[in-house]
Student: 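Here it is, the structure in full.
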Amino acid sequence: MTDPLVALGPVFRSALGKAFGAELADTDPVLRSSQHADFQANLALPLGKRLGRPPREVAGALVAELGTSELVEKTEIAGPGFINIHVGNGWLSSALAEVAAGSLGLAPVAHPETVAIDYSSPNVAKEMHVGHLRSTIIGDALARVLEAQGHRVVRQNHLGDWGTPFGMLIEHLLDGGSESAEHSVRDLNAFYQAARKKFDDDPAFAERARRRVVLLQGGDADTLALWKKLVDASKAYFASVYALLGITLGDADVAGESLYNPLLAGVIAELCAKGLAVDSDGAVCVFPPGFSGREGEPLPLIIQKQDGGYGYATTDLAAIRYRVEKLGASRIVYVVGSPQAQHLSMVFAAAKLAGWLPATVRAEHVAFGSVLGADKKMLKTRAGETTRLIDLLDEAVSRARAIVAEKNPTLDAAEQETIARAVGIGAVKYADLSSDRIKDYVFDFDRMLAFEGNTAPYLQYAHARIRSIFRKGEAVVPPPSAIVIAQPAEKALAKLLLAFPTVVDDVATTLHPHKLCGYLFELATAFSGFYESCPVLKAGTPAERDSRLALSDLTARIVERGLGLLGIEAPARM
RNA sequence: GCGCCCGUAGCUCAGCUGGAUAGAGCGACGGCCUCCGGAGCCGUAGGUCAGAGGUUCGAAUCCUCUCGGGCGCGCCA
């Protein structure tokens, strides 16, 4: 363990055992970072109460057993019984050497899981819009974090590629005559809306569409071929958006609604056989306990509609079975907006009742709020239409292009373009990831592209600036063993550098990526403080210069890796 | 009507399983102009943590209620 906060755990366990007996050894030492020392342990107060002894006396007994070591350089008891801990610079130096020589402190978890992550999920033959932004960005960041921890991550892009709208979409495609599907999806909004309009206005068309749905569901070969054209064209389009956004989803990750089609009848049959599903007003429903509607009546999860059709609840249940039984997932993560909280918890409840979601498998809803416009309402264009995702991204990149051109005009055009994309896309992603996902946020280009504050450009700049030290000094990275912590600013930086793996663990557990953002911002700020007070290239001695160069390099690598876990690039110059 | 989520500085947000005077960024004001990219650093001002109870040695954090705001509540996904 290279994080001192983690390394202190066993030290306290041992001291607790010696001071108060084995049965109290596992007491949580309540270790926190401290403004009065490096760390503080707050356990003496509650423990004193349990033991019926004054907290300061308890703290004294613990401190006596803790003694001093490389790690625990000095302790003191403060106030009502806080134990302040000062960590030795030597310990920090060797921990940093280990981290710098290895994989930044990141280590594979002891028990890797298979984690299915359901995210992005756009609809075939429809434009991707802001509504897909958050799921795509958050899901991808979480997938990267879990993968970095050594878990087997199975991305599941739950495409909307099935259902009644495909009748009208296929008929509209046919009406286009020579027009190819590839051409049609070039303007997806227009394509879908035109189909919709014909469906609403033209009864003959609507009838054809309905017949087409029947053919589709019946497995008609020609119809399926047309359907596949639409799906393939859409997948190609989504791939282009993912490429621009830097999203790791590929064709192999597509697990659309149609995948579960053959499983739906079995889901219903089994629910009925188990007595969990009953007829209600002609529909087949499950009534999971604990959910009630407007009049306090039990709330149904409709698994088969009156007309015999299947709803999304059925698909969601089939997907759970697939992920548990076929994929072997022990953790299923749904990156889906908060309005679906009730629906998902009903699906989870039904799946548990049916035995498809055993106690060994966790299903988690990673809920998030809405993207708002400047008016604090759901983001729309001036015309009141939903904003195309691609338009938003293009504008972010073009604004970044202007900023880069202004700030660093000496770079050649190709590099400027690469940087503009990294900065523009990074800004959009970071703005989405950096605040608690449950809250709504206002989409504001100026703020997300600012080079001050908790933004991607600030962190990217911090990274580029560190890299520039090496260019400027024509320096090579010294060996890890060069690191010697001496100054307060170096120590502050060191403690943060060592906390990286703990923060990544925390994100993997809580699925709250904003904690990593907050950490990286803190780290970059600490580096600024270090850089201000500790000359690197102009250090007093060669050894000091090497130590600081190695610290700088380690900081740059962690910022780069941390941004990478969020799906954000860190150019070497900007 | 029931349920879920949110309400922290003028603005945008952190605040970890309750812990020592509630922290950043922007904006405002004032310093650092022989500075390794000043896209920086330091400082000042600014908060009844929506409100009221309760639990506790100790509450922004846990419980209850009230007030605001958002969302959901049978055949759309």
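A, B, ... follow the sequence lines: proteins, then strands. Residue 1 opens every chain.
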Student: What is the distance from CG of A:D28 to P of B:G19, rounded to the nearest Å?
Tutor: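 The distance from CG of A:D28 to P of B:G19 comes to 11 Å, rounded to the nearest Å.
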Student: So does A:D38 pair up with A:K491, basic N to acidic O under 4.0 Å?
Tutor: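 Here A:D38 pairs with A:K491 in a salt bridge, since their nearest N and O are under 4.0 Å apart.
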Student: Roughly how far apart, to the nearest Å, are B:A9 and B:G46 at atom P?
Tutor: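 Pairwise P distance, B:A9 against B:G46, rounds to 14 Å.
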Student: Below 6.0 angstrom between ring centroids: does that apply to A:Y430 and A:Y458?
Tutor: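 When the ring centroids of A:Y430 and A:Y458 are compared, they turn out to be at least 6.0 Å apart.
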Student: Using ring centroids (six-membered ring only for Trp), state whether A:Y310 and A:Y312 fall under 6.0 Å.
Tutor: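 Between A:Y310 and A:Y312, which both carry aromatic rings, the centre distance is not below 6.0 Å.
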Student: Going by a 90° cut-off around 0, is B:G43 syn or anti?
Tutor: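 Because its glycosidic torsion lies more than 90° from 0, B:G43 adopts the anti conformation.
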Student: Figure out the CG/C1' separation between A:L301 and B:C75, and round it to whole Å.
Tutor: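 The answer, rounded to whole Å, is 11 Å.
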Student: Find the distance A:Q306:CD to B:G74:C1' and express it as a whole number of Å.
Tutor: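 One finds 9 Å between C1' of B:G74 and CD of A:Q306, rounded.
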Student: Could you state the atom-to-atom distance from CG of A:L264 to P of B:A77 in whole Å?
Tutor: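 Between P of B:A77 and CG of A:L264: 11 Å.
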Student: Using modelled atom types and a 3.5 Å cut-off, is there a donor and acceptor pairing between side-chain atoms of A:T314 and backbone atoms of A:I303?
Tutor: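 Between the backbone of A:I303 and the side chain of A:T314 there is a qualifying donor-acceptor contact (under 3.5 Å).
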Student: A:D316 and A:H343: side-chain donor and acceptor closer than 3.5 Å?
Tutor: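 Short answer, yes.
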Student: Rounding to the closest angstrom, what is the interatomic distance between B:U48 and B:U61 at atom P?
Tutor: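 That atom pair is separated by 16 Å.
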Student: Classify A:Q40 by what it touches in the nucleic acid, base, sugar-phosphate, or nothing, heavy-atom distance under 4.0 Å.
Tutor: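 Base contact - A:Q40 has a heavy atom under 4.0 Å of at least one base atom.
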Student: Among residues 463-474 of chain A, which contact RNA chain B at a heavy-atom distance under 4.0 Å?
Tutor: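 Of all residues in residues 463-474 of chain A, the ones placing a heavy atom under 4.0 Å from RNA chain B are A:A464, A:R465, A:S468, A:R471, A:K472.
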Student: For A:K439 and B:A14, is the shortest distance between a side-chain N/O and OP1 or OP2 below 4.0 Å?
Tutor: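 For A:K439, the contact criterion (side-chain N or O under 4.0 Å from OP1 or OP2 of B:A14) is met.
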Student: Quick one about A:E76 and A:H36 (side-chain donor to acceptor, distance below 3.5 Å, no hydrogens or angles considered), yes or no?
Tutor: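 Checked: A:H36/A:E76 side chains show no N/O donor-acceptor pair below 3.5 Å.
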Student: Please check if the number of heavy atoms outside A:R50 that lie under 6.0 Å from its CZ is greater than 12.
Tutor: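 No, the 6.0 Å shell around CZ holds no more than 12 heavy atoms from other groups.
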Student: Hey, does A:P339 reach any base, or is it just sugar-phosphate, or nothing, if we go heavy atoms under 4.0 Å?
Tutor: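 Sugar-phosphate, backbone atoms only, no base.
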Student: Where the side chain of A:L45 is defined as all heavy atoms beyond and including C-beta, which of B:G40, B:C75, B:G19 is the nearest nucleotide?
Tutor: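 Output: B:G19.
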Student: Base, sugar-phosphate or nothing for A:A341? Non-hydrogen atoms, less than 4.0 Å.
Tutor: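 Contact class for A:A341: none.
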Student: Taking any heavy-atom pair under 4.0 Å as a contact, classify A:D281: base, sugar-phosphate, or nothing.
Tutor: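 It contacts base atoms.
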Student: Hey, can you tell me if A:H129 and A:H132 have their rings parallel, tilted or perpendicular (30° and 60° cut-offs)?
Tutor: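 It falls in the tilted class, 30° to 60°.
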Student: Does A:R294 or A:K305 map to a spot on RNA chain B nearer the 5' end, using the closest nucleotide for each?
Tutor: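 Upstream on the strand: A:R294.
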Student: State the dot-bracket string of RNA chain B. Criteria: Watson-Crick or G-U wobble, both atom distances under 3.5 angstrom; notation: ( ) intrastrand, [ ] crossing earlier pairs, | interstrand, . unpaired.
Tutor: (((((((..((((.....[...)))).(((((.......))))).....(((((..]....))))))))))))....
Student: Check for me whether A:K197 meets the cation-pi criterion with A:Y192, that is, NZ or CZ under 6.0 Å from the six-membered ring centre and within 45 degrees of the ring axis.
Tutor: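 No, a cation-pi geometry is absent between A:K197 and A:Y192.
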Student: Expected output is a numbered-order residue list: members of residues 521-537 of chain A with a heavy atom under 4.0 Å from any atom of RNA chain B. What is it?
Tutor: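 Only A:F521, A:S528, A:Y531, A:E532, A:C534, A:P535, A:V536, A:L537 qualify.
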Student: May I ask you to verify whether the side chain of A:E257 and the base of B:A77 hold a donor-acceptor pair under 3.5 Å?
Tutor: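 No pair found.
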Student: Please report, rounded to the nearest Å, how far the P atom of B:C76 is from the CD1 atom of A:I303.
Tutor: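 Going from CD1 in A:I303 over to P in B:C76 covers 16 Å.
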Student: Among the candidates B:C73, B:A14, B:G72, find the nucleotide nearest to the side-chain atoms of A:D436.
Tutor: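 Of all the options, the side chain of A:D436 is nearest to B:A14.
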Student: Rounding to an integer number of Å, can you tell me how far A:D444 CG sits from B:C26 P?
Tutor: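 One finds 15 Å between P of B:C26 and CG of A:D444, rounded.
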Student: Taking atom C1' of B:A77 as reference, at what distance in whole Å does atom CG of A:L317 sit?
Tutor: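 My rounded result for the distance is 14 Å.
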Student: Say we look at B:G15 and B:U8: how far apart would their C1' atoms be, to the nearest angstrom?
Tutor: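 Between the two C1' atoms, the distance is 9 Å.
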Student: As a test of reading the structure: which of B:A20, B:C6, B:G70 is closest to the side chain of A:I438, going by heavy atoms?
Tutor: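 Within the option list, the nearest is B:C6.
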Student: Looking at every strand, decide which applies to A:Q342 at a 4.0 Å heavy-atom threshold: base, sugar-phosphate, or nothing.
Tutor: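 Sugar-phosphate: the residue A:Q342, judged by heavy atoms under 4.0 Å, touches backbone atoms but no base.
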Student: How far, in whole Å, is B:G58 from B:G70 if one measures between their C1' atoms?
Tutor: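 Comparing C1' positions in B:G70 and B:G58 gives a spacing of 34 Å.
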Student: What nucleic acid atoms does A:L299 come within less than 4.0 Å of, heavy atoms only: base, sugar-phosphate, or nothing?
Tutor: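 Sugar-phosphate: the residue A:L299, judged by heavy atoms under 4.0 Å, touches backbone atoms but no base.
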Student: Rounding to the closest angstrom, what is the interatomic distance between B:C6 and B:A20 at atom P?
Tutor: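 After rounding to an integer number of Å, I get 23 Å for this pair.
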Student: Work out how far the C1' atom of B:G18 is from that of B:U55, and round it to whole angstrom.
Tutor: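 That atom pair is separated by 11 Å.
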Student: So, is A:K376 close to the B:U12 phosphate, meaning a side-chain N or O under 4.0 Å from OP1 or OP2?
Tutor: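 Yes, within the criterion.
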Student: Assign A:S280 to base, sugar-phosphate, or nothing according to its heavy-atom contacts below 4.0 angstrom with the strands shown.
Tutor: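 Base contact.
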Student: Could you tell me whether A:E406 contacts a base, only the sugar-phosphate backbone, or nothing, with contacts defined as non-hydrogen atoms closer than 4.0 Å?
Tutor: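 It contacts nothing in the nucleic acid.
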Student: Closer than 3.5 angstrom, by distance alone: can the side chain of A:R32 be matched with the main-chain N or O of A:F39 as a donor-acceptor pair?
Tutor: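 It does not hold such a pair.
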Student: Check every strand shown and say whether A:N84 touches a base, only sugar-phosphate, or nothing at a heavy-atom separation below 4.0 Å.
Tutor: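 Base, at least one base atom sits under 4.0 Å.
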Student: Just the rounded figure in Å: distance from C1' of B:G37 to CZ of A:F451.
Tutor: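 Spelled out: CZ on A:F451 to C1' on B:G37 is 12 Å.
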Student: Check whether the side chains of A:S258 and A:D161 place a donor and an acceptor atom closer than 3.5 Å, and report yes or no.
Tutor: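 There is such a pair between these side chains.
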Student: Please examine the side chains of A:V286 and A:P300, heavy atoms only from C-beta on, and report whether any two atoms are closer than 4.5 Å.
Tutor: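 No - every pair of side-chain heavy atoms lies 4.5 Å or more apart.
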Student: What's the gap between B:G40 and B:G25 when it is taken at their C1' atoms, as a whole Å value?
Tutor: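 Approximately 15 Å lies between the C1' atom of B:G40 and that of B:G25.
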Student: Determine yes or no for a side-chain-to-main-chain donor-acceptor pair under 3.5 angstrom, with A:T455 supplying the side chain and A:A450 the backbone.
Tutor: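 Yes; at least one donor-acceptor contact below 3.5 Å.
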Student: Both A:R32 and A:K538 contact RNA chain B. Which one's nearest nucleotide lies toward the 5' end?
Tutor: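 It is A:R32 whose nearest nucleotide is closer to the 5' end.
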Student: Regarding A:Y119 and A:N157, do their side chains bring together a donor and an acceptor under 3.5 Å, going by distance alone?
Tutor: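 Checked: A:Y119/A:N157 side chains show no N/O donor-acceptor pair below 3.5 Å.
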Student: Between A:H343 and B:C4, is there a contact of a side-chain N or O with OP1 or OP2 at under 4.0 Å?
Tutor: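 Answer no for this pair, as no side-chain N or O of A:H343 is under 4.0 Å from OP1 or OP2.
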Student: For atom C1', what is the distance between B:C75 and B:C13, given to the nearest Å?
Tutor: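 These two C1' atoms come out 41 Å apart once rounded.
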Student: Check for me whether the distance between the ring centres of A:Y260 and A:H158 falls short of 6.0 Å.
Tutor: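 They qualify: ring centres under 6.0 Å apart.
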Student: Under 4.0 angstrom, heavy atoms only, what part of the nucleic acid is A:P46 near: base, sugar-phosphate, or nothing?
Tutor: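 Base, at least one base heavy atom under 4.0 Å.
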Student: For the aromatic rings, using the six-membered ring if either is Trp, is the centroid distance between A:F530 and A:F527 under 6.0 Å?
Tutor: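 Yes.
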Student: Would you call A:Y461 stacked on B:A39, i.e. ring centres under 5.5 Å apart with the planes less than 30° off parallel?
Tutor: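 Answer is yes, a stack.
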Student: Has the side chain of A:N408 got a donor or acceptor that lies under 3.5 Å from a partner of the other kind on the base of B:A39?
Tutor: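 Donor-acceptor pair under 3.5 Å: no.
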Student: Heavy atoms under 4.0 Å, any strand shown: does A:A78 hit a base, just sugar-phosphate, or nothing?
Tutor: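 Base, at least one base heavy atom under 4.0 Å.
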